[in-house]
Amino acid sequence: MDFGIFTFLLQDGLNSAAIYCLMAIAIILVFTTTRVLFVAQGDFLVLGALTLSQLQLGRVPGTVWILAGLALLAFAMEGAQALRERSRRRALRAVLFCLLVPALVGGGVAWFSGKELGLAIDILATIALVGPIGPLLYRIAFQPLADKSILVLMVVATAVHFVIISLSLIFFGAEGWRTPALTDAQFALGPVLISGQVIAIIVTSLLLIVVLFLFFSNSVYGKSLIATASNRVGARLMGISTAQSGMLSFAMASAIGCVSGILIGSITTIYYDTGLVLTLKGLIAAVFGGLASFPAAAAGAVILGLIESYSAFFASAYKEIILFSLLIPLLMWRFVLAGHQDLEEEA
Amino acid sequence: MSRLVFAAAAIFALFAAPLVFSEHRIVLMNYVGIATLVATGLYLLTSIGGLISFGQAAFVGVGAYTTAYLATAHAMPAGLTLVIMLAVNFALALLVGAITLRLSGYYLSIATIAWGLGAYYLFGTLDMLGGHTGIGNIPGITVLGVSLTQARAFFYLEWSIVIAMMIAVHNLLHSREGRAVRALKSGGVMVSAMGIDIFRTRIAIFVAAAMLAAIAGWLFAYMQRFVSPAPFNLIASMEYLFMAVIGGTGSVVAALLGAGIVVALKDVLTNTLPKLLGSNVNIEALVFGVAVVAILQWSPGGLWSLARRVGGVLPALRTPDRSPSGGRTLPRKLRKDPGAELLSITNVGKRFAGLVAIDDVTMSVRAGEIVALIGPNGAGKTTLFNIITGVLKPSSGTVSFCGDQVSGRLPNRITELGISRTFQHVKLVPTMTTLENVALGTHLRGRAGFVAASLRAERAENAGMLGEAAAQIARVGLQGKEALSPTDLPLGDQRIVEIARALASDPYLLLLDEPAAGLRLTEKRALADLLRSLRAEGLGIVLVEHDMEFVMGLADRVVVMNFGRQIAEGTPADVQSDREVIRAYLGEEA
């Protein structure tokens with residue numbers, strides 16, 4: 001292996017690392033705030049990339065219909081609850097968030113698609129379409145089960161994954177899509193050329209890590225979000241709405257997933273079912289961070305990305321096997337770190 | 001009896017199916033049978049045991065690939081491939097289980113994802129297994145000279161195995177070990193206080209579920225006569241999990257229901273519906289995803305319990321216990337001599353980070369005496385119980401029992417020494433009858449393992465355990481309540497059931513955490529009489545209680561704690577006149 005290949009693999013590894021890192025961040029974010037191990041996180045990435053690719057082709061993306069369907073379902077659930085509670089405020093909120101906002105977003109995108117307004121507008125439209133899907137999914141699938149065990153929530157997340165890939169297949173088809181590069185700038189770093197896209201990906205994930213780290217460790221609101229996960233009743237007694245904090249963290253998760261999709265859509269071909277493997281690699285990084293620490297998860301993502309990149313070179317056939325078998329010793333290490341507190345917590 | 005008739009009629013109808021149905025339907029039913037085997041394993045592991053595995057398809061794959069390889073490369077007969085394949089899977093499941101089951105809850109689930117994916121990629125990579133093309137030309141199966149290559153013939157072999165396995169799992173769940181499995185979801189503290197080794201129980205159900213999946217793989221290889229990696233991927237594991245969730249809980253038949261619905265629906269959605277609609281849109285994943293979310297939200301017990309509620313015609317929700325035959329009970333240990341020292345606590349302290357929960361407590365309990373532990377809320381009484389029973393480790397000091405060092409042992413090991421307890425917050429298993437709950441207490445007095453239970457070879461022992469449980473229920477005065485769910489009893493009675501369960505382990509020392517809370521006056525008197533007669537038999541009893549009248553009339557000695565410190569010890573009369581005790585309870589004198 002010469003220096004050229006070495007640096008190429010390095011760049012490739014860091015590139016994947018940044019995506020795994022974004023996945024891990026969203027997984028940790030959702031887990032610490034809602035206790036949901038969200039195995040459908042990667043599907044937001046897919047939706048982001050595929051939506052942008054359709055907008056770029058001047059088509060109305062199927063995401064509009066997905067958004068519309070979810071919004072109507074959420075409206076029915078919220079509306080029923082508003083009727084039961086005879087709450088005018090809840091009813092108004094349901095009309096606003098489940099009808100008006102999705103209608104404006106969906107209708108707006110459907111109206112201007114094909115008018116070639118440029119990449120920047122398409123990206124904004126993509127985020128506006130995919131962003132609300134997270135909180136809608138939370139309202140429909142998770143909120144009614146929010147008090148159940150982590151394992152039940154994990155099964156729900158698996159079911160949600162099935163639903164999203166099925167919808168993606170229906171609306172985008174089985175073929176793969178690519179999005180245009182955000183930038184074609186290239187930077188020379190000594191003898192190596194680094195593409196602007198890779199830098200954009202790495203900078204975005206670094207930025208998110210710093211922002212989320214500060215948010216959760218320094219802001220009262222961030223701390224209250226974590227409090228809801230560890231003690232839901234206690235949080236409610238303190239006046240924190242567990243439903244709202246759940247929707248907020250799912251909104252962040254879908255936005256992060258969508259942005260990741262926009263970032264890597266031009267580097268990798270994205271299929272309707274690309275999401276799961278990316279989620280699982282993000283999950284490995286998240287476990288490295290103990291499903292709690294953003295910086296540690298980022299370090300895990302870098303290690304993972306590099307191992308993947310270099311093992312693809314040395315033992316390509318066994319690349320995935322090596323990656324996933326890493327998870328077991330990793331989990332055991334984490335478990336030992338966490339200590340055998342099972343019984344104590346319960347007592 | 002009607003349940004047996006019902007089951008026999010169902011099996012008869014099933015075995016008549018190949019005479020009636022079309023080839024396509026029989027092939028479909030063969031797929032249902034294979035899925036049912038895997039789902040039966042998940043019924044045991046997930047629905048009952050509360051462990052979620054995303055790796056079941058990988059076990060099916062290992063079974064199928066081992067069979068395919070041995071049958072083609074080494075031309076082995078089916079009987080031999082079955083034995084070797086089971087041995088391989090047993091070793092593998094034990095290994096995977098030993099690594100991952102040390103982890104708790106969701107850590108385990110993540111680990112099974114890794115195992116499932118790793119195995120799947122390995123199937124596609126190893127040249128020996130034919131890479132992505134797989135292994136073809138597997139010879140058909142022959143049993144006693146009869147070729148079972150035809151779907152109709154294969155049907156009989158397969159469904160005989162499926163039904164035998166479902167009966168085995170059903171038997172298991174109504175045995176000593178089965179009761180331990182059914183209690184797993186109720187929390188580790190209670191389960192290990194019954195002397196149950198949680199890790200061993202989890203390993204056992206994980207291996208059992210893997211073996212069922214492996215047998216499914218063996219059948220799959222001989223039915224398809226071709227194996228490739230695709231049916232053993234993570235998505236397939238998730239589908240098996242969905243079958244278990246959709247089928248639900250309440251009976252092992254739920255696994256058949258879940259598998260049948262998923263496989264049949266899949267057939268309709270992939271074969272029939274697209275032809276009708278003239279498109280090739282694949283909506284099975286959508287339907288299953290929505291179905292699972294809807295079931296978890298509306299009927300967490302799955303379709304089986306939904307059908308029960310709606311129909312009311314299916315067999316009763318709770319399987320009646322095998323009747324305790326002839327009042328048989330279990331042999332008892334020799335009592336300790338009255339006055340012999342049982343429990344000795346020396347300078348025990350417990351700190352949680354900066355908080356001192358217990359500070360330097362020294363006390364002892366002898367056989368044939370009742371020691372009351374009293375003190376205001378937060379004094380550290382329950383913490384002391386948790387230290388004695390091994391739930392918490394003391395930060396300093398030692399606890400010993402009959403001369404053996406106790407601190408540092410696992411809770412189930414401490415129960416083995418002859419210490420038994422009840423809980424301040426009642427911990428009974430709502431899905432088991434009162435009789436079965438009390439029978440949990442007899443766990444350490446039986447020996448029969450998982451295999452004996454599946455074959456019902458432990459009938460005599462199990463009858464003795466249930467008889468013992470019935471005797472203890474009668475002793476605490478709750479006869480007639482055996483078949484009820486504990487959640488149907490008033491809270492006071494539930495505390496009494498906990499005492500019966502503790503007595504069922506035949507302990508030397510009984511630790512009771514607020515047993516009289518929620519009892520009426522007459523019930524309190526009955527409880528006091530019971531405790532006196534236990535004392536007369538030579539039991540040592542430690543009692544945490546707030547009802548002073550109850551305590552003072554009963555206890556031989558009283559230990560008073562306040563803010564983690566032991567502030568007084570002596571006879572009830574001594575303690576009642578102690579100035580510091582009065583100050584702790586009534587505040588400073590003005």
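Note on naming: letters A, B, ... go to the chains in the order of the sequence lines (proteins, then strands), and numbering restarts at 1 for each one. The basis for the numbers below is simple: all heavy atoms, side chains too, and nothing from hydrogens, waters or symmetry mates.
- Between A:Phe162 and B:Ile235 the shortest side-chain heavy-atom distance falls below 4.5 Å.
- By the neighbour-count criterion of 12 heavy atoms within 6.0 Å, atom NZ of B:Lys185 is densely surrounded, having more than that number from other residues, nucleotides or ligands.
- In this structure, chain B has a heavy atom under 4.5 Å from the side chain of A:Leu280, while its backbone stays farther away.
- Among the candidates A:Leu330, A:Leu145, A:Leu37, A:Ile150, the residue making the largest number of heavy-atom pairs closer than 4.5 Å to chain B is A:Leu145.
- Contacts of A:Phe31 with chain B are made by side-chain atoms alone, with heavy-atom separations under 4.5 Å and no backbone atom involved.
- Heavy atoms of B:Leu296 lying under 4.5 Å from chain A belong to its backbone as well as its side chain.
- Proximity to chain A is limited to the side chain of B:Val245, based on heavy atoms less than 4.5 angstrom apart.
- Proximity to chain A involves both the backbone and the side chain of B:Leu122, based on heavy atoms less than 4.5 angstrom apart.
- Neither the backbone nor the side chain of B:Phe423 comes within less than 4.5 Å of any heavy atom of chain A.
- When heavy atoms are compared at a cutoff of 4.5 Å, A:Ile322 does not approach chain B at all.
- Neither the backbone nor the side chain of A:Ile164 comes within less than 4.5 Å of any heavy atom of chain B.
- Heavy-atom distances place no part of A:Ser325 under 4.5 Å from chain B, backbone and side chain included.
- Side-chain N or O atoms of A:Ser166 include none that pairs as donor or acceptor with a backbone N or O of B:Ala285 at under 3.5 Å.
- Rounding to the nearest 0.5 angstrom, the gap separating the CG atom in B:Asn233 from the CG atom in A:Leu276 is 9.5 Å.
- Residues A:Val39 and B:Leu234 are not in side-chain contact: their nearest non-hydrogen atoms beyond the backbone lie 4.5 Å or more apart.
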